[in-house]
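Here's the structure we're looking at; comments come further down.
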Amino acid sequence: MDDVISKLAEIELAASKIMENVAEEKKSLSLENEARIKAFDDEVDKKTEEKLEGIRKGLEVDMEQELLLQKQQTEATLKKMEAGYEQRTEAMVQELYDKILRM
């Protein structure tokens, strides 16, 4: 009977050690998993930031090109307006001059 109790005690002790090892391994795997998740998140954040920076630079280039085009169009329009103004002014001055001479 003592042998049976002794064997049961040994089995219980072995089972207890197995449970402790499983708990430690579970904790270790959990920490390892958290580290992997953090590394993955960091990598995704880095790649996302790089892509956003690329998009941002592309948009800046597009915006600068559009701004340059608008400046060129505005300058061309202003030149046309100034030329039209000069022509009309000269025509009005000539007309006024002609009227004064007819008086």
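What's counted below: heavy atoms across the whole structure, side chains too, no hydrogens, waters or symmetry copies.
By the 4.0 Å N-to-carboxylate-O rule, K38 lies close enough to D42 to be salt-bridged with it. No salt bridge links E75 with K71; every basic N to acidic carboxylate O contact stays at or beyond 4.0 Å.
When the options D62, L69, L68 are evaluated for a side-chain contact (heavy atoms from CB on, under 4.5 Å) with Q65, the one that passes is D62.
In this structure, the side chains of L96 and M92 stay at 4.5 Å or more apart for every pair of heavy atoms. The side-chain heavy atoms of E43 and F40, taken from C-beta on, include no pair separated by under 4.5 Å.
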Using the rule given for salt bridge (Lys or Arg N to Asp or Glu O under 4.0 Å), can you reason through E24 versus K27, listing the C-alpha separation, both sets of side-chain angles and the distance that settles it, and then say yes or no?
CA-CA 5 Å; E24 286 178 22; K27 183 178 178 182; over 6 Å; no
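Interatomic distance, CD of E10 versus CG of L13, reported as 8.0 Å (0.5 Å rounding). Of the inter-residue distances, the one linking L101 atom CG with Q94 atom CD reads 8.5 Å to the nearest 0.5 angstrom. Taking CD of E60 as the reference point, atom CD of E53 lies at 7.5 Å (rounded to 0.5 Å).
A donor and an acceptor atom, one from each side chain of N21 and E25, are nowhere located under 3.5 Å apart.
When the side chain to side chain contact (heavy atoms under 4.5 Å, CB included) test is applied to R88, no partner is found at least two apart in sequence or on another chain.
Listed by first and then second residue, the side chain to side chain donor-acceptor pair (under 3.5 Å) pairs involving residues 28-37 are E32-R36 (not counting sequence neighbours).
With hydrogens and angles disregarded, no donor-acceptor distance shorter than 3.5 Å links the side chain of S16 to the backbone of E12.
Residue L8 is found in a hydrophobic cluster whose other members, listed by chain and number, are V4; membership requires side-chain heavy atoms under 4.5 Å apart, directly or through intermediates.
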